[in-house]
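Throughout, protein chains are lettered first and strands after them, A, B, ... in sequence-line order, and every chain is numbered starting at 1.
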Protein chains: 2
Amino acid sequence: MVKTATTQVWADHARSVLERAGHHRGGARDAVIDLLAAQRCALSALEIEDALRAADRRVGRASIYRVLELLAHHRLIQRIELGDAAARYELAAPDGDHHHHLLCERCHRVVPFNDPGLERSIERLSGRLGFAVAEHDVVLHGACAHCAR
Amino acid sequence: MVKTATTQVWADHARSVLERAGHHRGGARDAVIDLLAAQRCALSALEIEDALRAADRRVGRASIYRVLELLAHHRLIQRIELGDAAARYELAAPDGDHHHHLLCERCHRVVPFNDPGLERSIERLSGRLGFAVAEHDVVLHGACAHCAR
DNA sequence: TTGGGAGTGAGAACGAGTCCTATTCTATGG
DNA sequence: CCATAGAATAGGACTCGTTCTCACTCCCAA
């Protein structure tokens, strides 16, 4: 598994958050964290299982879901649903930077994008409505820039 | 089944759109359309099945999913996923009015809201990025106004 | 009226996610 | 360093929403 500086930072951060929360360490968890850290796009739980098996590091399915739930609970990853069957999981950068997704209905590509204006709108809105928004998820459906012209 | 003026409008609209698209009529489809028209909040496919059975109008499960897919394809309903297992389906008002949902992490209620500012942000953003956005879906996670204070 | 294609129903099949239980491992205090 | 309690894990059975299959029925244009 290749570890770049950035991914290592996230993995260490994740481990220390969990340790501080009083969790023991464990092999399955380490394997999942390392795998996630090395990804640059979202993975589903089953894809994680396959990837780990391919790397000769079998991890029980239940463990994978448990680890993902734990990481999501501590906001170390974000769970995203794009409408296809499986939920996907993506690193949540410690600096709060994140993006959303457009699902192209023609080429079926998933196009990530980010937009400060959108983030601001959501902040304003949650203040006005009295929500304490911890996370948000925006999915656009339509044609990507490539297919739209 | 009670039919108010508004719901009848939608049902008629839906049927004429499908007819113009070259679809034959059918009993299952009519039943699902009438049921949807009478709802004021989103239903899952299984809830639709149950409601129809309760109304003594059994409809095959496959037909329900087929009808929902067809209606969604013609943008007569919108499919929404709130992260729990089942997808839900909601009327898409012909006037384009729609709302989004906050999932309260404490009381687990689904709180609908709408926000013109948010809509404007999404329009601007899609123009800037070159997307042709046909539909969009915003899900907030956090605490609702009631739980937040 | 009739033929052919669209629509439908019932149940099997599928797949993501959860549950259960025995086993292994981690961290702590003696 | 060892014992121990409780946390973490494996893996397989299971649940349940969704899709598939295929025989059958119905709609509608000719």
Kindly write out the residues that satisfy salt bridge (charged side-chain N to carboxylate O under 4.0 Å, His left out) with [X], not counting sequence neighbours, or none if the list is empty.
X	answer
R109(B)	none
D115(A)	R128(B)
E90(A)	none

* To do: Decide salt bridge (charged side-chain N to carboxylate O under 4.0 Å, His left out) for D34(A) and R15(A); before the verdict, give the C-alpha distance in whole Å, the side-chain angles of both, and the deciding distance to 0.1 Å.
  => CA-CA 10 Å; D34(A) 282 340; R15(A) 289 200 180 89; 2.9 Å; yes

* Residue list, ring-ring contact (aromatic ring centres under 6.0 Å, His included) with F113(B), at least two apart or on another chain ->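 Once residues adjacent in sequence are excluded, the partners of F113(B) under the ring-ring contact (aromatic ring centres under 6.0 Å, His included) criterion are F131(A).
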
Using atom [atom1] of [X] as one end and atom [atom2] of [N] as the other, report the distance to the nearest whole Å.
X	N	atom1	atom2	value
E81(A)	dT18(D)	CD	P	11 Å
R15(A)	dA8(D)	CZ	C1'	15 Å
R25(B)	dA29(D)	CZ	C1'	17 Å
L70(A)	dA8(D)	CG	P	8 Å
Y89(B)	dG17(D)	OH	P	12 Å
L46(B)	dT15(D)	CG	P	16 Å
I33(A)	dT9(D)	CD1	C1'	15 Å

* When you check the side-chain N and O atoms of E119(A) and H100(A), is any donor under 3.5 Å from an acceptor? ->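 The criterion, which ignores hydrogens and geometry beyond distance, is satisfied for H100(A) and E119(A).
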
* SB check R88(B) E47(B) (cutoff 4.0 Å) ->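 Yes, R88(B) and E47(B) are salt-bridged.
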
* Asked: Which nucleotide of DNA chain C is the first, and which the last, in the 5' to 3' direction, to come under 4.0 Å of a heavy atom belonging to chain A?
  ->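 Listed 5' to 3', the contact boundaries are dA16(C) to dA27(C).
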
* To do: With heavy atoms under 4.0 Å as the rule, sort R53(B) into base, sugar-phosphate or nothing.
  =>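 Nothing, no heavy atom under 4.0 Å.
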
* Asked: Heavy-atom count around R75(B) CZ within 6.0 Å, excluding the residue itself: above 12?
  ->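 Yes, because the 6.0 Å sphere around CZ of R75(B) holds more than 12 heavy atoms from other groups.
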
* **Selection: residues 59-69 of chain B, any non-hydrogen atom under 4.0 Å of DNA chain C** =>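 The stretch gives V59(B), G60(B), A62(B), S63(B), R66(B) as the residues lying under 4.0 Å from the strand, ordered by number.
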
* Nearest-nucleotide 5' precedence on DNA chain D, A85(B) against H23(A) ->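 This one resolves to H23(A).
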
* Asked: Which nucleotide sits closest to the side chain of R58(A): dA10(D), dC28(D), dG11(D)?
  ->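 The answer is dG11(D), which lies nearest to the side chain.
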
* Asked: Would you call the rings of H23(A) and H74(A) parallel, tilted or perpendicular if under 30° counts as parallel and over 60° as perpendicular?
  ->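 Aromatic pair H23(A)/H74(A) classed perpendicular.
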
